[in-house]
Amino acid sequence: MTRHRDTVVLHAGHGPASSAGPFAPALQFASTFVAPGNPAAHELTYGRFHNPTWTVWEDALGLLEGGPAVSFASGMAAVSAVLGACLKPGDIVVLPDDAYYTIRRVAEGWLTRIGVQVRLAPTRGNAQATALDGARLVWVETPSNPLLEVCDIREIVRAAHASNVEVVVDNTTATPYLQQPLHLGADYVVASDTKALTGHSDLVLGHVATTSEERAGALRTWRNQHGAIPGPMEVWLAHRSLATLPLRLTQQCRSAQTLAEFLHAHTGVARVHYPGLPDHPAHVVARGQMDAFGSVVSFDLETQARADTFLRSLTLVREATSFGGVLSTAERRARWGGDAVGEGFIRFSVGCEAVEDILDDVGGALGAAG
Ligand SMILES: Cc1ncc(COP(=O)(O)O)c(C=O)c1O
């Protein structure tokens, strides 16, 4: 019997209903295990190699993603593992020029230094599909952070696989609840689990899922050798938070759509970026590969002065970075540098508050910003 997706998420990583034992999985902190003689004879030996709490979490992630999953200390640790395990000197990697800026920094710094050629192309219009010549890997981020550009995953996969290029999708903004890149043909999906997947702004984690045990094994070897291992406590908390993903994200996406429409109709807002709006350049593509459009809405107030006044005037929404949490946040993205956005560009993360309260707060702050 095929169960509803929400039920699958809720039960992911828990045993069958008939099995005896505690509801909550055990939390294992041990850094070492009794393991005499031949280490290969033991399932558990040392805490950098394996941990039963990781295994439960990775089983849950694997179920949601549709392939074996490997958990990492952060989204960036997961990103670096894929880049490091897949690329060697002389390879070409195609990155979105609007990817999360730290990924571009890592590529331009570390990858270039070890002799990997980094080629940039926009997410918009599937431009990466026309930049694949001689490449080893194409890295896709859709919807992208913070501009929420969307590309067609199936189309990129088709072009890439025809040229023997592997495809990685950074699925952070969507989560596997809204979009499942492995089912759309990608070879790897990578994500920051610091964001909506766990949603409580109380941990930093990341993961990679892929299509074969061989690929997952190479990532585990990378994690073991480079030491980018997740903390057991964070992993346990992440698993606990996963159960409410459908409830949280369903409400957040619904409210984000309402907020995007409100901002779109507001004369004080120059531009709104949200794939759920019919005038988003890739709205139709997003509809074809996402179940809903996510919890982040970006918009442009044109000047730093107006954006600062807007942020200062919010009384419910907190000014903070990151996104996907149950509490709404907003920030002026240009304060960090690195993104091709104007000084008045706001990235807004819609939380689980009643949407009337979010609209009330945003409306009041827009009024103050003039
Ligand atoms: C799209 C995307 N990928 C990766 C990361 C890195 O994740 P972390 O901060 O967990 O290292 C982020 C963080 O904001 C992100 O937005």
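Counting starts at 1 for both ligands and their atoms, following the listed order. Quick note: residue numbers are just sequence positions, from 1.
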Residues E302 and R306 bridged, charged N to O under 4.0 Å: no
Sub-4.0 Å atoms of ligand 1 with respect to non-hydrogen atoms of L205: 10 (O)
Row check, F323 ring normal vs R347 NZ/CZ: under 6.0 Å, within 45°: no
Test of proximity, E141 against ligand 1: N or O pairs below 3.5 Å: no
Protein residue, atom and distance nearest to atom 6 (C) of ligand 1, heavy-atom basis: Y100 CE2, 3.6 Å
Under 4.0 Å to a heavy atom of F323 - the qualifying atoms of ligand 1, by number: 16 (O)
Any D193 heavy atom less than 4.0 Å from ligand 1: no
Co-members of V140 in a cluster of I, L, V, M, F, W and Y side chains, linked at under 4.5 Å: V94, L132, V138, I153, I156, V157, V165, V167, V169, L184
Protein heavy-atom partner closest to atom 16 (O) of ligand 1 - residue, atom, separation in Å: N145 ND2, 2.8 Å
Same apolar cluster (I L V M F W Y, side chains within < 4.5 Å links), L327/I346: no
Atom indices of ligand 1, in the order listed, that fall short of 4.0 Å to a heavy atom of T172: 1 (C), 2 (C), 3 (N)
Test item: W54 and V70 side chains (from C-beta on) under 4.5 Å apart, heavy atoms: no
Ring centers of H239, H14 separated by less than 6.0 Å: yes
Test of proximity, G75 against ligand 1: N or O pairs below 3.5 Å: yes
Residue list, salt bridge (charged side-chain N to carboxylate O under 4.0 Å, His left out) with D187, at least two apart or on another chain: R215
Atom indices of ligand 1, in the order listed, that fall short of 4.0 Å to a heavy atom of D170: 1 (C), 2 (C), 3 (N), 4 (C)
Nearest candidate to atom 9 (O) of ligand 1, where distance is taken over non-hydrogen atoms, out of M76, R347, K195: K195
